[in-house]
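To start, the structure under review is shown below, and the notes come after it.
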Amino acid sequence: MNSAQLRRVTVESFAHYRPGLVELLLDAVADGASIGFLNDVDAAAATEYFNTVHAEVRQGSRLLWVVVKDEHVVASAQLGLCQKPNGLNRAEVQKLLVRTDARRHGLGAQLMGALESEALYLGRGLLYLDTETGSAAEPFYEGLGYQRAGQIPDYACSPSGVYRPTSLYYKILQGPRA
Ligand SMILES: CC(C)(COP(=O)(O)OP(=O)(O)OC[C@H]1O[C@@H](n2cnc3c(N)ncnc32)[C@H](O)[C@@H]1OP(=O)(O)O)[C@@H](O)C(=O)NCCC(=O)NCCS
């Protein structure tokens, strides 16, 4: 997509991107994405959620990226860094969202490339995630080399309130450091 820029969101720049992140989340839920919210989510609830994300970015337990076009957020992704002393080699890919009118232009893959590079740099060589079974995200992640580890039935509601299974995926970028 022309002139799209990928940026890491810092504690300082968070407030600048928050309204766009809220819009992106509402767009994804309205489109049926199973990302932790139901159809009744509104801007206030989404803002509250991003305030918790901001706190985790501040603590260093979460990394956040956006793609902006003409200063509008068109895509985003998060990496949750496991804080347990026995899991410092792993990180969870979360809330990868591409605005509905910006899909299939490579932005999701671009975000995953940035996220994987940073994970490797931080020694987080094991990435994992869950995503709704049967969603577009399955062929997306499989195309990027993620291995399907299994499926859990009735894991989470779709925004319309119907329980759906989730698929678990992982990718080993690098084995644990000695
Ligand atoms: C999944 C998602 C992030 C993909 O983002 P995207 O920017 O459209 O993906 P890309 O353009 O980088 O696609 C890369 C490849 O993934 C595959 N892919 C992406 N979307 C696909 C779809 N709807 N159906 C089949 N394959 C798809 C294709 O192989 C594609 O390459 P191609 O376009 O050259 O054929 C996007 O559809 C989305 O935001 N979905 C809603 C939220 C969600 O489910 N997030 C993931 C779970 S947390």
Side-chain angles (χ1 to χ4, degrees), residues 1-9 17 20-41 43 45-46 49-50 52-53 56-57 61-70 72-82 90-119 124 126-171 173:
M1 177 170 275
N2 287 342
S3 76
Q5 290 184 333
L6 191 152
R7 297 177 191 159
R8 176 86 170 270
V9 179
Y17 296 111
L21 286 164
V22 166
E23 274 186 37
L24 178 67
L25 186 144
L26 295 179
D27 171 71
V29 174
D31 187 55
S34 184
I35 51 171
F37 296 91
L38 299 179
N39 277 336
D40 62 359
V41 64
Y49 161 71
F50 279 110
T52 68
V53 172
E56 290 177 4
V57 170
S61 59
R62 184 169 297 275
L63 307 179
L64 174 66
W65 288 261
V66 290
V67 177
V68 295
K69 185 168 186 289
D70 301 327
H72 293 291
V73 175
V74 291
S76 179
Q78 299 177 26
L79 194 59
L81 305 178
C82 179
R90 70 176 189 255
E92 182 175 5
V93 178
Q94 292 180 320
K95 300 280 188 293
L96 171 66
L97 304 174
V98 177
R99 213 169 67 186
T100 43
D101 62 1
R103 290 182 187 166
R104 301 307 286 266
H105 290 285
L107 299 184
Q110 196 186 345
L111 276 162
M112 289 302 293
L115 188 149
E116 290 182 1
S117 295
E118 186 65 17
R124 304 276 178 160
L126 172 62
L127 296 184
Y128 65 100
L129 61 96
D130 67 77
T131 195
E132 184 181 340
T133 304
S135 72
E138 286 193 323
F140 170 81
Y141 286 123
E142 285 168 15
L144 293 178
Y146 284 74
Q147 302 291 316
R148 198 168 188 278
Q151 183 177 312
I152 303 174
D154 295 338
Y155 184 78
C157 280
S158 64
S160 60
V162 179
Y163 276 96
R164 298 273 306 136
T166 201
S167 300
L168 306 173
Y169 283 91
Y170 71 93
K171 183 172 180 179
L173 306 173

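Only heavy atoms go into these numbers, but all of them, side chains included; no hydrogens, no water, no symmetry mates. Quick note: residue numbers are just sequence positions, from 1. This one's a predicted model, so the numbers in the text were calculated from it and none came from an experiment. Atoms within each ligand, like the ligands themselves, are counted from 1 in listed order.
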Query - Listed partners of F140 passing ring pair (Phe, Tyr, Trp, His ring centres under 6.0 Å), at least two apart - result: none

Report task. Select the closest option to atom 44 (O) of ligand 1 among A77, G143, A137, judged by heavy-atom distance. Result -> A137

Counting from 1, what ligand 1 atoms have a heavy atom of [X] closer than 4.0 Å?
X: A109; answer: 12 (O)
X: G108; answer: 5 (O), 6 (P), 7 (O), 12 (O)
X: L107; answer: 7 (O), 12 (O)

Under 4.0 Å, heavy atoms only, figure out whether ligand 1 is touched by the backbone of [X], its side chain, both or neither.
X: Y141; value: side chain
X: T131; value: side chain
X: Q110; value: neither

Report task. Compute the ring centroids of Y169 and Y146, then answer whether they are less than 6.0 Å apart. Result -> no

Query raised in the report: Are a donor atom and an acceptor atom from the side chains of T131 and S167 found within less than 3.5 Å of each other?
Result: no

Query raised in the report: Do we see a donor-acceptor contact under 3.5 Å between the side chains of Y155 and E132?
Result: no

Could you go through residues 25-37 and list every donor-acceptor pair under 3.5 Å that involves a side-chain atom there, pairing it with any protein atom two or more places apart or in another chain?
residue	atom	partner	partner atom	Å
D27	OD1	T100	OG1	2.9
D27	OD2	T100	N	3.0
D27	OD2	T100	OG1	3.3
D31	OD2	R103	NH1	2.9
S34	OG	C157	O	3.3

Query raised in the report: Looking at atom 24 (N) of ligand 1, what's its closest protein heavy atom, distance included?
Result: R104 NH1, 3.5 Å

Query raised in the report: Is any N or O atom of A102, backbone or side chain, closer than 3.5 Å to an N or O atom of ligand 1?
Result: no

